[in-house]
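All chains are named by letter (A, B, ...) in the order of the sequence lines, taking the proteins before the strands, and each is independently numbered beginning at 1.
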Amino acid sequence: MKVEACGKPQGAKLIRVSAEIEVRDDTPVVMSISFRGDFFALPEEGFEEAEASLRSVPLAGLAETFDRAMRLRGVRLLGISGRDVEEILGKAFHET
Amino acid sequence: MKHRFRLLETGPGRAFHNMGLDEAILGSVAARLSPPTLRLYGWNPEAISLGYFQGIRDEVDVEACARAGVDLVRRITGGGAVFHAAEVTYSIVIPEGHPLAPGSILESYRLICAGIVEGMKRLGVEPEFAPINDINCRGRKLSGNAQTRKLGCLLQHGTILLEVDVDRMFSLLKVPKEKSAGRLISEAKARVTSLSEILGRKIGYDECSTALAGGFAEALGIEFESDTPSAGEEAEAERLAQSKFSQPAWVFRR
């Protein structure tokens, strides 16, 4: 199922999330995800590589996987974090 | 000891050329063909610039912009959508490792924005830096700023609003369906201000840009040498304007 989410968590910039989520054995799994918004990420290309790598990630572990993917590529983030992304997407998923 | 910078005052330009020239200067400073550079400029025609990560259709009524003759451009920096009309825009390019380019992104915003704060004080305004990247006056936003780091250099650009027409801005931007346009406009008018509103008088581009250059010089300990972009920078700017910044593949990439 396609899930669209938008939010501005405390301390973050406006973040929009588009995700394809499948439920496998009662566990929501993010099959693919993309982000849009007012945040900053340096280097920008590293963020895009990390974003593309986020496939088949359990929703419950999205924050940690997001942060690790960014860290691995040396991406510095301002206004977006794994916790922000999981919070926004989780809320939207559970409301659908 | 003063830091020696080049000062370029290139005046109003088209959005694609403005962004092309910012990137061309980044390249020439990175190649050490040019010294660290502050550029002051404006926009003609009016334009909306999008942050690198923004979705264009989330933020902008593309058809309304086309009807209004407002250019649409995507920046190489992150951040939010900016409606460029009555303002002074600056861009500053500094090699990483330079004393005015701290490794910490937050500290570099604070340092560079100190130049804008000082500049605005010269006009009789009492602004304050609002982390991460804004400058406010009496709690309302006067200046937004955005930074990227590429090729071993820091590029930061931002705007200082001379006037703001919130009604016109929201005729071009997307209004979230959760809010009415009227409520959005009244909230924006409460959040954003301009030099003319603060000072209670009309302030023009030249007066503001002179104060801004003085502010950067004072706060950052810079000695400016006025110059014009090199022929190479202008050629690269035009190439980038044509091949990148005006191309749908770039503008509509998200």
Side-chain angles (χ1 to χ4, degrees), chain A residues 2-20 32-54 62 66-67 69-71 73-89 91-92 94-96, chain B residues 23 26 48-60 74-82 96 101-110 130-134 141 144-158 173-179 184 187 191 250 252-254:
Chain A
K2 190 99 194 267
V3 179
E4 298 285 340
C6 178
K8 193 174 182 299
Q10 181 82 359
K13 296 284 191 181
L14 183 77
I15 301 166
R16 302 179 195 270
V17 185
S18 296
E20 191 66 45
S32 66
I33 194 166
S34 64
F35 309 102
R36 304 178 309 282
D38 299 0
F39 52 87
F40 299 89
L42 299 179
E44 291 82 2
E45 297 77 12
F47 179 92
E48 290 171 323
E49 286 175 18
E51 176 186 45
S53 78
L54 296 173
L62 180 60
F66 176 98
D67 288 337
M70 295 296 162
R71 222 170 26 242
R73 291 162 181 83
V75 179
R76 292 189 279 178
L77 300 170
L78 281 179
I80 186 172
S81 70
R83 187 181 65 184
D84 297 328
V85 159
E86 185 174 321
E87 176 188 316
I88 292 167
L89 184 59
K91 185 164 180 282
H94 291 294
E95 284 174 357
T96 50
Chain B
E23 188 168 333
L26 175 68
I48 289 176
S49 72
L50 285 170
Y52 184 82
F53 293 108
Q54 288 189 299
I56 185 166
R57 297 242 178 234
D58 296 325
E59 308 295 339
V60 182
R74 183 179 294 275
R75 303 190 300 271
I76 59 173
T77 53
V82 182
E96 288 186 285
S104 160
I105 298 171
L106 288 174
E107 277 314 300
S108 64
Y109 270 118
R110 182 183 300 277
I132 301 168
N133 57 322
D134 287 343
K141 182 172 171 176
N145 304 273
Q147 186 187 122
T148 187
R149 295 183 183 218
K150 294 180 187 305
L151 305 175
C153 283
L154 172 164
L155 161 70
Q156 181 165 317
H157 49 202
L173 297 175
K174 280 283 175 71
V175 175
K177 58 181 186 296
E178 302 83 21
K179 288 190 180 180
L184 198 67
E187 285 177 359
R191 257 199 338 267
W250 171 260
F252 288 87
R253 62 184 286 124
R254 257 180 217 260

*For A:R83, look at atom CZ and say whether over 12 heavy atoms of other residues, nucleotides or ligands are found less than 6.0 Å away.*
no
*Do side-chain atoms of B:R254 reach the backbone of A:F35 as a donor and acceptor pair under 3.5 angstrom?*
yes
*What option among B:G80, B:G79, B:A81 has the most heavy-atom pairs under 4.5 Å with chain A?*
B:G79
*How long is the gap from NZ on B:K150 to CG on A:L42, to the nearest 0.5 Å?*
7.5 Å
*asked:* Run B:R149 and A:E44 through side-chain contact (heavy atoms from CB on, under 4.5 Å) and show every step you take.
replied: CA-CA 9 Å; B:R149 295 183 183 218; A:E44 291 82 2; over 6 Å; no
*Would you check if B:F53 and A:E51 make a side-chain contact, meaning some heavy-atom pair closer than 4.5 Å?*
no
*Is it the backbone or the side chain of B:I132 that comes under 4.5 Å from a heavy atom of chain A, or both, or neither?*
side chain
*Evaluate side-chain contact (heavy atoms from CB on, under 4.5 Å) for B:T148 paired with A:F40, printing each intermediate quantity in order.*
CA-CA 8 Å; B:T148 187; A:F40 299 89; over 6 Å; no
_Walk me through whether B:R57 and A:R36 qualify under side-chain contact (heavy atoms from CB on, under 4.5 Å)._
CA-CA 11 Å; B:R57 297 242 178 234; A:R36 304 178 309 282; over 6 Å; no
*Answer with side chain, backbone, both or neither: which region of B:L106 has an atom nearer than 4.5 Å to a non-hydrogen atom of chain A?*
side chain
*May I ask you to test the A:K13-B:N133 pair for a side-chain heavy-atom distance under 4.5 Å?*
yes
